[in-house]
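Here's the structure we're looking at; comments come further down.
Start at 1 and go down the list; that is how both ligands and their atoms are numbered. These figures come from a predicted structure and were not determined experimentally.
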Amino acid sequence: MPDKKKPLVVVTRKLPDAIETRMMELFNTRLNIDDLPMAAAELADAVGAAEVLVPTVTDRIDRAVIEAAGPQLKLIASFGTGVDHIDLAAARARGITVTNTPGVLTEDTADMTMALILAVSRRLAEGERLVRAGTWKGWGPTTMLGHRIWGKRLGIIGLGRIGQALARRARGFGLAIHYHNRRRVHPDIEGELEATYWESLDQMLTRMDVISVNCPHTPATYHLLSARRLELLREHCIVVNTSRGEVIDENALARVLAEGRIAGAGLDVFEHEPAINPKLLRLDNVVLLPHMGSATIEGRLDMGEKVIINIKTHVDGHTPPDRVLEQML
Ligand code: 8YV
């Protein structure tokens, strides 16, 4: 018999065992052991019964799904930091609280961003493909030459938690930090990072050697790196993105890369995941990763712990620590 006092929690994807076990102990938890992403009809079914829904980035929790929810659905406790897959306004209108898992994937995502900067500049993926293809003819003085990053300029779009963690790493690699943000960060942070602020994104783009996208995807940042802005980049510039594919006009990016108007790109996220723009697949100067910026065992456990704390505090009648409000974005 399910315990009446425990809320029904529906989890849409397979989470780490330790997290699922704890959720089973604390709540009436419905797991998705097979890990097959739920179709829209299954999501509608889930919100028809659940008191708490635990979705991930792969679930589109749009207005239609939220309108299918029964009055018992009170909390969407997302497993992840980005919330662009959830219609926050629709949730608010129905009195549904939304939470996420910020902070715990900052360092891992910053590591992956740095790895992409290095991989593209020093042609890591190309070199690996050469060795594995068995076509490597041995060392040569002019073969596989990349570009030095020491002494170059890194322009960070979005100097939030992940952007700052990237900046700290990048300084160790000799990169000068520049950034564009909606709001200028506190002078202490600017001082620590020796960061130069650009109110005008256009102005920053024309001057950088590396551009990293670290802002969330919101209506205001959709195609922020538009075709026009990509044209502003210098020929030797590389672009990396570990945030959301939608922040870059992916077609335009593929075009400037193919035409050699910029030097390369490192992408962990895509506009239509898991579909990859076929034009990108044909390019050697692009490193493509399957959205694994936060994919560490430690990070996933921390994310799960945050989900549990958010659910537990909400169920106990308190404001969950990671409540997301539209005005925060
Ligand atoms: C997560 C992410 O793994 O948290 C985010 O915003 O992009 C990812 O790194 C994913 O969202 C899990 O739902």
Side-chain angles (χ1 to χ4, degrees), residues 9-16 18-20 23 31-32 35-38 43 46 52-62 65 75-88 91 98-116 157-158 160-166 212-219 221-222 224 240-248 250 266-276 288-311 320-326 328-329:
V9 176
V10 177
V11 184
T12 66
R13 299 292 302 269
K14 170 87 187 81
L15 301 184
I19 299 301
E20 290 185 341
M23 287 179 104
L31 300 174
N32 178 2
D35 201 28
L36 293 174
M38 289 186 178
L43 276 176
V52 178
L53 181 75
V54 179
T56 74
V57 70
T58 55
D59 304 299
R60 210 113 298 281
I61 314 297
D62 56 14
V65 169
L75 175 67
I76 297 174
S78 195
F79 182 85
T81 299
V83 287
D84 54 334
H85 56 299
I86 303 170
D87 188 329
L88 295 177
V98 176
T99 60
N100 65 346
T101 63
V104 292
L105 35 72
T106 303
E107 305 302 335
D108 297 329
T109 309
D111 282 344
M112 193 58 91
T113 313
M114 200 62 230
L116 278 174
I157 302 177
R161 264 187 290 250
I162 295 172
Q164 289 172 32
L166 167 66
S212 176
V213 175
N214 295 101
C215 60
H217 166 222
T218 66
T221 63
Y222 176 77
L224 188 65
V240 298
N241 187 3
T242 50
S243 168
R244 283 292 181 269
E246 290 90 335
V247 181
I248 305 183
E250 201 170 87
L267 306 173
D268 184 46
V269 288
F270 304 90
E271 248 194 283
H272 306 288
E273 285 179 32
I276 309 288
L288 305 168
L289 296 179
H291 197 147
M292 53 193 274
S294 69
T296 65
I297 293 165
E298 295 85 349
R300 292 287 183 260
L301 290 172
D302 290 347
M303 287 161 73
E305 288 292 342
K306 273 200 161 270
V307 167
I308 291 171
I309 291 166
N310 283 321
I311 299 174
D322 304 311
R323 183 173 187 195
V324 180
L325 300 170
E326 287 147 274
M328 287 159 52
L329 299 173

- request: Record the part of Arg300 in heavy-atom contact with ligand 1 below 4.0 Å; permitted values are side chain, backbone, both and neither.
  value: side chain
- prompt: Relative to ligand 1, is Asn100 under 4.0 angstrom through side chain, backbone, both or neither, heavy atoms considered?
  reply: neither
task: Decide whether the shortest distance between a heavy atom of His291 and an atom of ligand 1 is less than 4.0 Å.
output: yes
- prompt: Heavy atom of Arg244 under 4.0 Å from ligand 1?
  reply: yes
message: Less than 4.5 Å apart, side chain to side chain, heavy atoms only: is that true for Glu107 and Arg161?
response: no
- prompt: Any donor-acceptor pair under 3.5 Å linking the side chain of Asn214 with the backbone of Gly158?
  reply: no
Quick one: which ligand 1 atoms are inside 4.0 Å of a heavy atom on [X]?
X      : value
Gly82  : 4 (O), 5 (C), 6 (O)
Thr81  : 4 (O), 5 (C), 6 (O)
Leu105 : 4 (O)
Phe79  : 12 (C), 13 (O)
Val57  : 10 (C), 11 (O), 13 (O)

Is it the case that ligand 1 has an N or O less than 3.5 angstrom from some N or O of [X]?
X      : answer
Thr56  : no
Met303 : no
Ser294 : yes

Heavy atoms only: give me the nearest [X]-[Y] pair and the separation to one decimal.
X      : Y      : answer
Gly245 : Asn241 : CA-ND2, 3.9 Å
Ser294 : Leu105 : CB-CB, 3.6 Å
Pro16  : Leu301 : CB-CD2, 3.8 Å

- prompt: Could you go step by step and tell me if Val10 and Leu53 meet the side-chain contact (heavy atoms from CB on, under 4.5 Å) rule?
  reply: CA-CA 5 Å; Val10 177; Leu53 181 75; 4.2 Å; yes
query: For Met23 and Ile308, what are the C-alpha separation, side-chain angles and deciding distance, and is it a side-chain contact (heavy atoms from CB on, under 4.5 Å)?
result: CA-CA 7 Å; Met23 287 179 104; Ile308 291 171; 3.7 Å; yes
message: Less than 3.5 Å apart, any donor N or O on the side chain of Thr109 or Thr242 sitting next to an acceptor on the other?
response: no
